[in-house]
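Given the structure is predicted, the values throughout are model-derived calculations rather than measurements. For this chain, numbers begin at 1 and follow the sequence in order.
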Amino acid sequence: MDADATLDAARAWLAQDPDEVTRAELATLISGAEAGDAAAAADLRDRFGARLAFGTAGLRGRLGAGSNRMNRVLVAQAAAGFAAYLTEKAGPGATPTVVIGYDGRRNSDVFAEDSAELFAGAGLRAILLPRLLPTPVLAFAVRHLGADAGVMVTASHNPPDDNGYKVYLGGADEGSQIVSPADAEIAAHIERVASEASVTDLPRGAFELADEAVIEAYVAATATVAPAPAGAAGMNWVYTAMHGVGYETLSAILRLAGYPLPVVVEQQIAPDGAFPTVAFPNPEEPGAMDLSFAAAREAGAEFVIANDPDADRLAVAIPDPAAEGGWRRLTGNETGLLLGWRAAQRAAAGVDGSDGVGGAGSAAGAGGSGGSLACSLVSSPGLEVVAAHYGLDFHATLTGFKWISRAPGLVYGFEEALGYLVNPETVRDKDGISAAVALLGMIAEAREQGRTLADLLDQFAKTFGWFQSGQVSLRVDDVSVIARIMAALRAAPPAEIGGVAVERFEDLLEPGDGAEGEVPPADVLRLWLADGSRVIVRPSGTEPKLKAYLDVRGDSASDAAARLASLAAGARTLIAAAQA
C-alpha cells in the first residue's frame with residue numbers, strides 16, 4: 001500500500017471510529033504523515049498495511065487504531081460478520097443465541113458491550129455476562145444456556161497492551177472453540193462487512209444481561225470436581241490471580257467445596273489490566289511468580305497455585321531446596337500428567353468410585369471403554385502410558401483445546417502450556433479453575449496419608465517412568481529460513497539424533513502419518529528414537545521461530561536428565577545442519 005492509499009485508509013477509518021482515544025491517536029498520526037513526518041507515515045503503514053487475521057483462535061493483537069490493531073471498529077466489524085455467519089447457519093426463521101463474556105483487560109468491557117449491541121441489532125438474541133469473569137465461565141455458559149455461540153473478549157496471558165476476541169460454537173460443536181472451515185467462513189463475512197459498510201451504519205439493539213444463576217451453576221458444577229476430603233483441613237497454600245479475574249469465582253467454589261481459603265498475593269489478587277507487578281502476565285515467564293514465592297516463604301506454605309489473567313491456565317509450584325529461592329514451578333507436563341493420572345483412575349474405577357491417587361488402581365487393559373485421555377502432539381508422551389495402564393483410549397491432537405476438546409470419549413485433556421480440561425461434561429475448553437480444584441483434591445488425599453505433592457510426583461515416576469521434556473528453538477529474521485529447514489528435513493530425514501537411531505519418521509503433512517490419520521494435516525515432523533525418546537519439529541504459530549520439542553523417558557531422574565541433555569545437543573546439531 002503506497003503512502004496515498006495508506007492515508008486514504010486511515011481517513012476512512014477515522015471517519016467511523018466511535019472511540020475518542022483511538023480517534024485522537026489516529027488524527028495525530030494522519031496530521032504528522034500529511035506534514036511529512038516519516039515516523040508517523042511508517043506507523044500508519046504498520047497499522048493499515050495489514051489486517052488482524054481472524055482464525056481458529058479468533059482475533060488477538062495490540063490495542064490501538066487501525067486495521068492491524070484491536071479497537072472498536074475492528075471489533076464491530078468482527079461482531080457484525082460473526083452475526084451474519086450465525087444467521088446464515090441458523091437458516092430462515094431461526095434466531096441464534098450468542099453469549100458474551102469479558103475479562104479485566106483494557107477495553108474488554110467496551111468491546112463486549114459493543115458486540116452485544118451489534119448482535120442484537122443483527123436480530124440475534126444477545127446475552128452479556130453480568131461482569132468481568134474468567135474465560136471458563138463463558139465457555140460453560142455457552143453449553144449451560146444452550147447458546148449457538150459464545151464470544152470471550154480476552155487476550156489471556158498476552159502482554160498488557162493486547163486484547164482479543166475468542167469464539168465458541170454450540171450445537172454439534174458442544175461449546176468448543178471454532179475450527180476450520182468455520183474460521184474462514186466467519187472471516188469472509190467480516191471482510192464483506194469491512195468493505196461494504198461503515199460501522200456507524202451497523203444497526204444496534206438491546207441485549208440481555210445474564211442472571212447470576214449462570215455463574216452460580218458454574219460454581220456448583222466445578223465444586224463437584226473434587227469436594228474437599230478430610231485431608232484438606234489445615235491446608236496452607238498461596239494463590240495468585242496474576243492481576244486477573246480468577247479469585248472471585250475460585251473463592252466461591254472453595255467455600256462450597258469445603259477447602260480452606262489460601263493466603264493470597266495481595267498485590268496481584270484484584271483485576272488490573274495494567275499488570276503493574278509483572279513484565280509479562282504469564283505464570284510460565286521468568287519472574288512472574290516471584291511475589292507468590294515470597295508470600296509462600298513468609299507463610300510457610302505447602303504449595304502455590306496461580307491462574308493466568310483470564311483463569312484458563314493453571315501453574316503450580318512446590319518447595320524445592322535445590323531451586324533458587326527455595327521454590328520450583330512444575331512444568332505443564334508434570335501437572336498435566338498428575339491430573340491425567342487422577343482422571344484415569346477415576347475413569348477406570350467409575351466416576352464416583354475412584355480408589356484415590358496412589359491406590360492400587362486398575363490393572364492394565366481393564367475396561368477399555370472408560371473413555372479417553374488426550375493431549376496435544378507436543379505434550380508429554382507419558383499420558384499415553386497412563387492411558388494404556390488403565391485400559392483407556394488415547395488421542396494426540398494438534399495444539400489447542402479446539403482440537404483436544406473434540407477427542408472422542410474425552411474424560412481428560414491437557415497441553416504442556418499450562419492448559420488442562422478436567423471436566424469436559426461441563427466445559428469444553430481449558431479451565432484453570434476446575435483444574436485447581438482437581439489438584440487440591442489430589443493434594444488433600446495425599447495429606448491424609450502424610451504425603452505431599454512432591455511425593456505424588458515421585459510415585460508417578462516410579463509407576464510410569466521418569467519423563468522429562470525440553471525445547472530447542474531457532475529464532476529467525478527471515479521466516480523463509482524455517483520453510484527451508486523443514487524442507488531439508490523432509491528431503492533427508494536424519495538416521496540418528498544425539499547418537500540414538502531414529503526408528504520412525506512421521507510427516508504430518510502426509511495422509512495417515514498423524515496417529516493413523518486422525519490428526520489433520522499440519523506442518524509438523526515427529527521422530528521416534530530407538531530409546532523411546534521423541535523429537536517434534538514445527539514452526540511456531542505465533543513467533544518467527546522453529547521449535548523442537550524433546551521428550552525422554554528414563555529409569556531415574558538423573559538418567560532422564562542425561563538423556564534430555566544429549567537429545568537437546570543432538571537437536572541443535574540437526575537444526576544447524578538443515579539450516580546450512
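Contact of the Asp523 side chain with the Leu508 side chain is not registered, since no non-hydrogen atoms from C-beta on lie closer than 4.5 Å. Residues Pro281 and His243 fail the side-chain proximity criterion, which asks for heavy atoms closer than 4.5 Å. Here the side chains of Met442 and Leu456 are in contact, with some heavy-atom distance below 4.5 Å. Considering only heavy atoms from C-beta on, Leu138 stays 4.5 Å or farther from Tyr102 through its side chain. Between Phe464 and Val386 there is a side-chain heavy-atom pair separated by less than 4.5 Å. The shortest distance between side-chain heavy atoms of Ile318 and Thr452 does not fall below 4.5 Å. At a threshold of 4.5 Å between non-hydrogen side-chain atoms, the residues Val167 and Phe82 count as touching. Val245 has its side chain out of reach of Leu133: every pair of non-hydrogen atoms, C-beta onward, lies at least 4.5 Å apart.
Taking CG of Leu261 as the reference point, atom CH2 of Trp237 lies at 7.5 Å (rounded to 0.5 Å). The OG atom of Ser115 sits 3.0 Å away from atom OH of Tyr165, with the distance rounded to the nearest 0.5 Å. To the nearest 0.5 Å, atoms CZ (Arg329) and OG1 (Thr335) are separated by 8.0 Å. Taking SG from Cys375 and CZ from Phe394, the interatomic distance works out to 4.0 Å, rounded to the nearest 0.5 Å. From Leu567, atom CG reaches atom CG of Leu529 across 6.5 Å, with rounding to the nearest 0.5 Å. In this structure, CD on Glu416 lies 9.0 Å from CG on Asp551, to the nearest 0.5 angstrom.
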Practice task
Could you walk me through whether Tyr218 and His144 pass the ring-ring contact (aromatic ring centres under 6.0 Å, His included) test, one step at a time?
Solution key: CA-CA 9 Å; Tyr218 173 81; His144 182 72; over 10 Å; no
Practice task
Before giving the answer on side-chain contact (heavy atoms from CB on, under 4.5 Å), spell out for Phe467 and Asn333 the whole-Å C-alpha distance, their side-chain angles and the decisive distance to 0.1 Å.
Solution key: CA-CA 9 Å; Phe467 290 90; Asn333 280 326; over 6 Å; no
Practice task
Take Leu525 and Glu506 through the test side-chain contact (heavy atoms from CB on, under 4.5 Å) and record every step on the way to the result.
Solution key: CA-CA 6 Å; Leu525 301 175; Glu506 298 173 345; over 6 Å; no
Practice task
Walk me through it: do Glu415 and Ser379 pass the test side chain to side chain donor-acceptor pair (under 3.5 Å)?
Solution key: CA-CA 6 Å; Glu415 65 180 8; Ser379 298; 6.0 Å; no
Problem - Working for side-chain contact (heavy atoms from CB on, under 4.5 Å), residues Val472 and Leu550 - result: CA-CA 8 Å; Val472 170; Leu550 316 175; 3.8 Å; yes
Problem - side-chain contact (heavy atoms from CB on, under 4.5 Å) assessment of Thr249 paired with Val137 - result: CA-CA 9 Å; Thr249 305; Val137 177; 4.3 Å; yes
Practice task
Please step through salt bridge (charged side-chain N to carboxylate O under 4.0 Å, His left out) for the pair Arg313 and Glu284, ending with a clear verdict.
Solution key: CA-CA 10 Å; Arg313 286 174 171 82; Glu284 289 185 293; 5.5 Å; no
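A distance below 6.0 Å separates the ring centres of Tyr247 and Tyr239.
Closest heavy-atom contact between Ala343 and Leu373: CB-CD2, 4.4 Å. Taking every heavy atom of both residues into account, Ala210 and Ile127 meet most closely at CB-CG2, 3.7 Å. Residue Tyr390 comes nearest to Gln345 through the heavy atom pair OH-NE2, 3.1 Å, listed as atom of the first residue, atom of the second, then distance. Thr56 approaches Ser180 most closely through the heavy-atom pair CG2-N, 3.8 Å. Residue Arg428 comes nearest to Ser176 through the heavy atom pair CB-OG, 3.6 Å, listed as atom of the first residue, atom of the second, then distance. Here the closest heavy-atom approach between residue Phe140 and residue Thr426 is recorded as CD1-O, 3.7 Å.
Screening Arg490, Arg538, Arg526 for a salt bridge (charged side-chain N to carboxylate O under 4.0 Å, His left out) involving Asp507 leaves a single residue, Arg490. None of Asn423, Thr224, Thr222 except one satisfies the side chain to side chain donor-acceptor pair (under 3.5 Å) rule with Ser434; the exception is Asn423. Just one of Asp162, Asn158, Thr154 meets the side chain to side chain donor-acceptor pair (under 3.5 Å) condition when paired with Arg60; it is Asn158.
Look at Glu174 and Arg406 and you find no salt bridge, because none of the NZ, NE, NH1 or NH2 atoms lies under 4.0 Å from a carboxylate O. The pair Glu334-Arg328 meets the salt-bridge criterion, with a side-chain N (NZ, NE, NH1 or NH2) lying under 4.0 Å from an Asp/Glu carboxylate O. Residues Glu248 and Arg131 are paired through a salt bridge, judged by an N-O separation under 4.0 Å between the basic side chain and the carboxylate. Between Arg447 and Glu445 there is no salt bridge, since none of the side-chain N atoms of the basic residue sits less than 4.0 Å from a carboxylate O of the acidic one.
Judged by distance alone, with hydrogens and angles left aside, the side-chain atoms of Gln468 form a donor-acceptor pair with the main-chain N or O of Ala557 at under 3.5 Å. For the pair Asp431 (side chain) and Ile433 (backbone), a donor-acceptor distance under 3.5 Å is present. Asp148 places a side-chain N or O within donor-acceptor distance of the main-chain N or O of Thr97, the cut-off being under 3.5 Å. Judged purely by atom type and a 3.5 angstrom limit, Asp308 uses its side chain to pair as donor or acceptor with the backbone of Asp312. With Glu448 contributing its side chain and Gly231 its backbone, the two residues share a donor-acceptor pair below 3.5 Å. Between the Arg105 side chain and the Gly244 main chain, no donor and acceptor come within less than 3.5 Å of each other.
Side chains of Tyr168 and Asp173: no donor on one and acceptor on the other come within 3.5 Å.
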